[in-house]
Amino acid sequence: MAAPLKNDNFLRALRREPVDHTPVWLMRQAGRYLPEYRAVRAKAGSFLAMAKNPELACEVTLQPLRRFPLDAAILFSDILTIPDAMGLGLYFAEGEGPKFERPVRDAAAIAKLGVPDMETELRYVMDAVRTIRRELDGSVPLIGFSGSPWTLACYMVQGGGSKDYATIKAMALNDPKALHALLSVNTDAVIAYLAAQRAAGAQALQVFDTWGGVLSPAMYREFSLPYLVRIARELERGEGAERTPLILFGKGNAPYLEELAASGCEGVGVDWTVTLEEAARRTGGKVALQGNLDPAMLYGSPGAIRTQAKAVLDSYAAGNGGSRDGHVFNLGHGMSPDMDPAHVAVLVDAVHAG
C-alpha cells in the first residue's frame, strides 16, 4: 500500500481544487546547477550512465527536494529514451547534446521501428520510478514524463539537435506519409511509456513538446497537435480523484491554447511568451495552467525574483476571476546550469508566500 500524500497541492491544483498555497516545481530542477548533481554525474561517468542506473536516477531526483520545499518531484531521465530503445543508438557528444548513430530518414527505416517493451528495453526507467516512489514515502507526488511524438521525431530524423530542422521539414513537405507513419509509431510508444510509468507509480504525467514551436501553424496542426490529442484521449488515467493528470507543455504553444485545452488533458504548460492572464481567459477554466516565469528571471536579484514571481501569480489570478486555484507555478522552460541555487530558494519561498 502506497503511503498517503503529505502534500497533495500539486495534484489538487491540476484538478482545479482549492490549495494551501500555489504549488511549484521547476523544469530541470534536478540538474547541473546543483553541485551535488555534478558530483553524482562525475561518479557515474556520463549522463546516460546516470539516467540508466535507477539508484542514481533516484538520488538526483531527490536532491532538489532536500534543498527546497518543492511541491513535486520529477523523474530524472531523458526525453530520448524511447528512440534509444527503438535501436537508434543514442549518445551524447561533449558540448553538442544528444545525437543518434542511426537517424531515420526514409519510409523504409521508419517501417522497421516498433514500440519497445516497457519492462525490458525500458525497465531501467520503470525501476527508477518504483525506487523514487518508495524513497519519497508520500512526501510529494512524482511526475513521469515523455517527449512528444513530434519532438522525438525531430531528433530521430535530424540525428540530433538542429537550428533549422531542415531535414524533418523537408520530409514533411516531400514525404508526409512517411512522417505521419513515424509520428504514429512514436505516439503508440509514448502512450505505452506513460502508461508503464503510471503503473510503476508516477502520480502525474507531462509531455514535453519542446520543438512544437518551430512549426508554422498549418504544420503544427498537422504534425504535432493531432498526436498530442491522441495521447490525451487514449492514455488510460483512471477516474475522479484517482485520475492521473496529464500536462501538455510546449515551447511556443501560445497560439494553440484553446486547442490544447480541448484535447482532454488536465493541464497545459505554457512558456513566457504569453501572460497567464491571457492564457487563463482563453482556456476558460477547462484545464489547469502551469508556468510561466521566464527562466532568465533567476539571474535577477532576490528582490527582482520576488517581484517577478508575484507578477506571475497575480497575472494568473487576473485571468481566473481573482482565484489562484488551478495554477501550478513553474518556469516557462528548463533551468540552466549556471543558475544560483540560492536564487531558486528565493523563488520557491516567494511562490509559497504568494
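Count residues from 1 along the sequence.
- Note that CG of Asn292 and CZ of Phe249 are 9.5 Å apart. Values are rounded to the nearest 0.5 Å.
- Side chain of Lys169 to backbone of Val214: a donor-acceptor contact under 3.5 angstrom is found.
- For Ser148 and Thr151, the side-chain atoms include at least one donor-acceptor pair closer than 3.5 Å.
- One finds the CG atom of Asp271 at 12.0 Å from the CG atom of Asn330 (value rounded to the nearest 0.5 Å).
- Smallest separation of non-hydrogen atoms from Gly300 and Ile305: O-CD1, 3.5 Å.
- No continuous path of hydrophobic side-chain contacts links Leu313 to Trp272 [ILVMFWY only; heavy atoms under 4.5 Å].
- Arg32 places no side-chain N or O within donor-acceptor distance of the main-chain N or O of Pro337, the cut-off being under 3.5 Å.
- The shortest distance between side-chain heavy atoms of Leu136 and Lys6 does not fall below 4.5 Å.
- Checked by atom type and distance alone, the side chain of Ser315 never pairs as donor or acceptor with a backbone atom of Ala311 at under 3.5 Å.
- Exactly one residue among Asp71, Ile74, Val348 makes a side chain to side chain contact (heavy atoms under 4.5 Å, CB included) with Trp25. That residue is Ile74.
- At least one donor-acceptor pair under 3.5 Å links the side chain of Arg102 to the backbone N or O of Gly87.
- Formation of a donor-acceptor pair under 3.5 Å by the Asn253 side chain with backbone atoms of Gly250 is found in this model.
- Environment of CD in Glu101: crowded, with over 12 heavy atoms of neighbouring residues, nucleotides or ligands closer than 6.0 Å.
- Looking at Leu182 and Met156, their side chains come closer than 4.5 Å, going by heavy atoms from C-beta outward.
- When atom types are taken as modelled, the side chain of Thr283 and the backbone of Lys286 share no donor-acceptor pair closer than 3.5 angstrom.
- Thr61 places a side-chain N or O within donor-acceptor distance of the main-chain N or O of Ala57, the cut-off being under 3.5 Å.
- Arg243 and Glu266 are joined by a salt bridge, as a carboxylate oxygen and a charged side-chain nitrogen come within less than 4.0 angstrom of each other.
- Between the OG1 atom in Thr131 and the CD atom in Glu59 there is a gap of 12.5 Å [rounded to 0.5 Å].
- Expressed to the nearest 0.5 Å, how far CG of Asn7 lies from OG of Ser139 amounts to 8.5 Å.
- Two residues are said to be in side-chain contact when any heavy atoms from C-beta on lie closer than 4.5 Å; Pro64 and Leu34 meet this criterion.
- Contact of the His180 side chain with the Tyr227 side chain is registered, since non-hydrogen atoms from C-beta on lie closer than 4.5 Å.
- Under the 3.5 Å distance criterion, the side-chain polar atoms of His327 are matched with a main-chain donor or acceptor of Gly291.
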_Verdict with supporting geometry, Lys52 and Asp78, salt bridge (charged side-chain N to carboxylate O under 4.0 Å, His left out)_ = CA-CA 10 Å; Lys52 291 190 174 185; Asp78 192 81; over 6 Å; no
Begin from the C-alpha positions of Arg105 and Asp175 and carry the test salt bridge (charged side-chain N to carboxylate O under 4.0 Å, His left out) through to its verdict. CA-CA 10 Å; Arg105 298 208 165 134; Asp175 197 353; over 6 Å; no
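- Between atom CG of residue Leu48 and atom OG of residue Ser77 there is a gap of 9.5 Å, rounded to the nearest 0.5 Å.
- Separation of atoms CG (Leu14) and CD (Gln203) is listed at 12.0 Å; rounding is to 0.5 Å.
- Residue pairs meeting the salt bridge (charged side-chain N to carboxylate O under 4.0 Å, His left out) criterion with at least one member in residues 318-344, sequence neighbours excluded, are Asp314-Arg324.
- Residues Leu246 and Ala232 share a closest heavy-atom pair of CD2-CA, 3.6 Å.
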Inset, instruction - Please lay out, stage by stage, how Glu119 and Arg130 fare under the test salt bridge (charged side-chain N to carboxylate O under 4.0 Å, His left out). - result: CA-CA 12 Å; Glu119 286 292 349; Arg130 287 185 275 263; 3.0 Å; yes
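- Using modelled atom types, one finds no donor on one side chain facing an acceptor on the other under 3.5 Å when comparing Gln63 with Gln29.
- Nearest heavy-atom pair, Val129 versus Gln197, reported as atom, atom and distance to 0.1 Å: CG1-O, 3.8 Å.
- A distance-only check finds no donor-acceptor pair linking the side chain of Arg306 to the backbone of Val346 [under 3.5 Å].
- Arg237 places a side-chain N or O within donor-acceptor distance of the main-chain N or O of Leu235, the cut-off being under 3.5 Å.
- Phe76 and Phe47 have perpendicular rings, their planes meeting at more than 60° on a 0 to 90° scale where under 30° would count as parallel.
- Ring-centre distance between Tyr299 and His343: not below the 6.0 Å cut-off.
- Of the N and O atoms on the side chains of Tyr316 and Thr275, not one donor lies less than 3.5 Å from an acceptor on the other residue.
- We find that Arg67 and Glu36 are joined by a salt bridge, their nearest charged nitrogen and carboxylate oxygen being less than 4.0 Å apart.
- Sequence neighbours left out, the pairs with a member in residues 203-221 that pass salt bridge (charged side-chain N to carboxylate O under 4.0 Å, His left out) are Arg221-Glu259.
- Arg198 has no carboxylate O lying under 4.0 Å from a charged side-chain N of Glu236, or vice versa, which leaves the two without a salt bridge.
- Residues Glu242 and Arg15 are not paired through a salt bridge, judged by the lack of any N-O separation under 4.0 Å between the basic side chain and the carboxylate.
- When side chains are defined from C-beta on, Val19 does not count as touching Asp8, because their heavy atoms never get closer than 4.5 Å.
- Tyr165 has its ring centre less than 6.0 Å from the ring centre of Trp211.
- Val207 places none of its side-chain heavy atoms less than 4.5 Å from the side chain of Phe145.
- No side-chain heavy atom of Leu347 sits under 4.5 Å from any side-chain heavy atom of Gln308.
- Within the 4.5 Å cutoff, side-chain heavy atoms of Phe100 are placed close to those of Leu80.
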